[in-house]
Amino acid sequence: MTFSCAIIPVFADQLSDRLASLAAGVPGRDLVVMAEVAEEVGYADHHQKKLAFLFSAMRHFAERLRAQGWRVRYTTLDDPANTGSLTGELARAAQAEAAGRVLVTEPGEYRVAAMIDRWPEHLGLPVERFADDRFVCSVADFARWAEGRKTLRMEYFYRDMRRRTGLLMAGDAPEGGRWNYDADNRKPAEADLFMPAPHRVEPDAITQDVLAMVEARCGDHFGRLRPFWFAVTHDQAEAALDQFIAAALPRFGDYQDAMLRGERFLYHSVLSAYLNAGLLDPLAVCRRAEAAYYDGHAPLNAVEGFIRQIIGWREFIRGVYWHHMPGYTALNHLGAARALPGLYWTGDTHMACLAEAIAQTRDEAYAHHIQRLMVTGNFALLAGLDPAAVHRWYLAVYVDAFEWVEAPNTLGMSLYADGGRFASKPYAAGGNYINKMSDYCRDCRYKVSKKSGPDACPFNYLYWDFLDRNAETLGANPRLGPVYRTWGRMADDKRQAARDSAARFLARLDAGERV
Ligand SMILES: Cc1cc2nc3c(=O)[nH]c(=O)nc-3n(C[C@H](O)[C@H](O)[C@H](O)COP(=O)(O)OP(=O)(O)OC[C@H]3O[C@@H](n4cnc5c(N)ncnc54)[C@H](O)[C@@H]3O)c2cc1C
Ligand code: SF4
């Protein structure tokens, strides 16, 4: 039986040789279609480095596929014939090729899945869809796991993933006797640590072309484009993984939650963009980390912690996203409505921790997890910022940001906008937490030791004000019982001082004053 040519769209986060739709096609006969389109550029104010990373990685992947014998039709953003949409580019390709069908791997985002639903009608072609098997847990498996559970907890899911993959398993038991070594992790920052740096790549001719195009066409987007140093090929991403395993993994666990001025990466892997785009395979990355433990190169607390982030958190978050979409991105359990202040784009604030996290976000399109969760996220939670606006910000500013992973982290973990579908309580904290885990407070205009008044750390009074404001919604949460009891025992004048300080601060924030 002979088939007419199939067209195989490959999206920016599907840059993997073993993509299911590529495996179903035939090199030389079928046509891979890749396109840089205005529709995708414009749906968020994507950081310039993020756009450059994705376009360059796409162009390199197109070259890789051609070298493997594939025919690839690639439309650049500045091609005058570019229709500006993925559907438009597929329609052009289908017409030019007289294609008989479309083969597509399920996309990462609900929005794109809904677009694919319309393709049979729009393109007049049958569309065969393949599950994205680059994840350990399929969407269907997650739905089965989640069925009947009132709340979803990552820890139990993670144990299943350990059993399923055999990673760090000694027979049926976890290696070392415990599933989780977090108790040994999370040491505060030390300023004199030797800091490994992530692997930096010199832009080649393809990347230089992309940088010039992004500069010309998207120069008004957020963030600094240069210096550009991200890996954009599979080999370069492998080199970044090698460097992480050799230099940073052994202390990954110890300093996972630490923050230091001027140290933007600490012992983090800075691999999320490569994993999410498809340049690295998550399971292969975990196997490399596991081997480093069995070789004696890295301790169990570091390797278990790292593997948990990938087969635990990353897989779990994806499951949560698909389990709760559509509708998840519109949730606002706490009814937060404050507009996103301009400082999220400028970093112009006296608050040293926020200024640092936002400046590095602007420069690198990267901040590590604790900066995202406990600095920018914590502030957004305590100040009652509109979750939809915060979600758009996180989706725009990080090189690794795709909705399936960004939205549950922002709306669920950080803002509690989903009412605790997987977090047992909001990640709210006062200045003490930031002071313990960082050196930010040392040079801050505000005093972390002060609880209220113009010099006091804003996190301190915003924390109590947040709890007070949301007492009706959060007061019955058993994990918040002790803090509500502390608030209740506080002297009236102290409580009022916290409320007054918060009201003054938030009024200045709303007025666009420098806070
Ligand atoms: C508000 C908020 C928004 C976030 N948005 C994104 C996002 O858009 N894209 C994204 O990939 N991650 C996101 N995260 C999760 C996490 O912050 C990043 O994955 C991590 O900082 C990436 O840096 P790294 O590669 O150095 O990670 P490492 O600290 O080295 O961790 C190793 C890997 O584990 C995975 N991982 C760790 N934590 C998480 C998590 N909570 N959810 C999913 N995967 C995780 C990542 O693939 C990461 O590369 C967000 C977290 C928060 C709190
Ligand atoms: S004092 Fe408060 S605002 Fe300043 S750096 Fe510390 S936590 Fe941040």
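Residue numbers run from 1 in the order of the sequence given. Not measured: the values here are computed from a predicted model. Whatever order the structure lists ligands and atoms in, that order sets their numbers, starting from 1.
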Which of the ligand 1 atoms, numbered from 1, are nearer than 4.0 Å to a heavy atom of [X]:
X    : result
R314 : 43 (C), 44 (N), 47 (O)
F306 : 32 (C)
I317 : 42 (N)
T410 : 1 (C), 3 (C)
L275 : 47 (O), 49 (O)
L373 : 53 (C)

Heavy atom of the protein closest to [atom] (residue, atom name, distance):
atom                    : result
atom 29 (O) of ligand 1 : H268 ND1, 2.7 Å
atom 23 (O) of ligand 1 : Y366 CE1, 3.3 Å
atom 21 (O) of ligand 1 : H369 N, 3.3 Å
atom 12 (N) of ligand 1 : V405 CG2, 3.6 Å
atom 6 (Fe) of ligand 2 : C441 SG, 2.3 Å
atom 36 (N) of ligand 1 : Q309 O, 3.6 Å
atom 39 (C) of ligand 1 : W313 CB, 3.9 Å
atom 5 (N) of ligand 1  : R372 NH1, 3.5 Å
atom 4 (Fe) of ligand 2 : C444 SG, 2.3 Å
atom 2 (Fe) of ligand 2 : C457 SG, 2.3 Å

[X] and [Y]: side-chain donor and acceptor closer than 3.5 Å?
X    : Y    : value
Y427 : N378 : no
Y110 : E403 : no
Y293 : E304 : no
Y394 : T376 : yes

Can you tell which part of [X] has a heavy atom less than 4.0 Å from ligand 1: side chain, backbone, both or neither?
X    : value
H368 : backbone
F244 : neither
D400 : both
N276 : side chain

Chi angles and distances behind the side chain to side chain donor-acceptor pair (under 3.5 Å) call for Y440, Q371: CA-CA 11 Å; Y440 294 152; Q371 292 175 305; 3.1 Å; yes
- request: Report the C-alpha distance between F61 and H234 in whole Å, list the side-chain angles of each, state the deciding distance to 0.1 Å, and finish with yes or no for ring pair (Phe, Tyr, Trp, His ring centres under 6.0 Å).
  value: CA-CA 8 Å; F61 190 61; H234 289 71; 5.7 Å; yes
Please work out which of [options] has its closest non-hydrogen atom nearest to [atom].
atom                    : options                : result
atom 42 (N) of ligand 1 : N409, N378, L411       : N409
atom 33 (C) of ligand 1 : I310, D257, V270, V320 : I310
atom 46 (C) of ligand 1 : A248, P282, S272, A367 : S272
atom 30 (O) of ligand 1 : C286, G305, S269       : S269

task: Sort out for me which residue in F265, F53, Y366 forms a ring pair (Phe, Tyr, Trp, His ring centres under 6.0 Å) with W229.
output: F265
- prompt: Regarding R495 and the six-membered ring of W464, is the cationic atom NZ or CZ under 6.0 Å from the ring centre and inside 45° of its axis?
  reply: no
message: I'd like to check F316 versus F142 (side-chain heavy atoms, cut-off strictly below 4.5 Å). Are they in contact?
response: yes
- request: May I ask you to test the Y267-P196 pair for a side-chain heavy-atom distance under 4.5 Å?
  value: yes
Salt bridge [X]-[Y], side-chain N to carboxylate O under 4.0 Å:
X    : Y    : answer
R111 : E109 : yes
D132 : R318 : no
D363 : R224 : yes

query: Can you list the ligand 2 atoms lying under 4.0 Å from a non-hydrogen atom of Y446?
result: 1 (S)
query: What do you reckon, does F252 put a non-hydrogen atom under 4.0 Å from ligand 1?
result: yes
field: Sub-4.0 Å heavy-atom approach of Y398 to ligand 1
entry: no
query: Which distance, rounded to the nearest 0.5 Å, do you find between the CG of D468 and the CG of L462?
result: 12.5 Å
- request: For H369 and N409, work out which heavy atoms get closest and say how close.
  value: CE1-OD1, 4.1 Å
task: Using a cut-off of strictly less than 2.8 Å, determine whether C353 has an N/O/S atom near atom 8 (Fe) of ligand 2.
output: yes
task: Please test Q236 against Y274 for side chain to side chain donor-acceptor pair (under 3.5 Å), starting from the C-alpha separation and ending with a verdict.
output: CA-CA 10 Å; Q236 292 166 1; Y274 312 144; over 6 Å; no
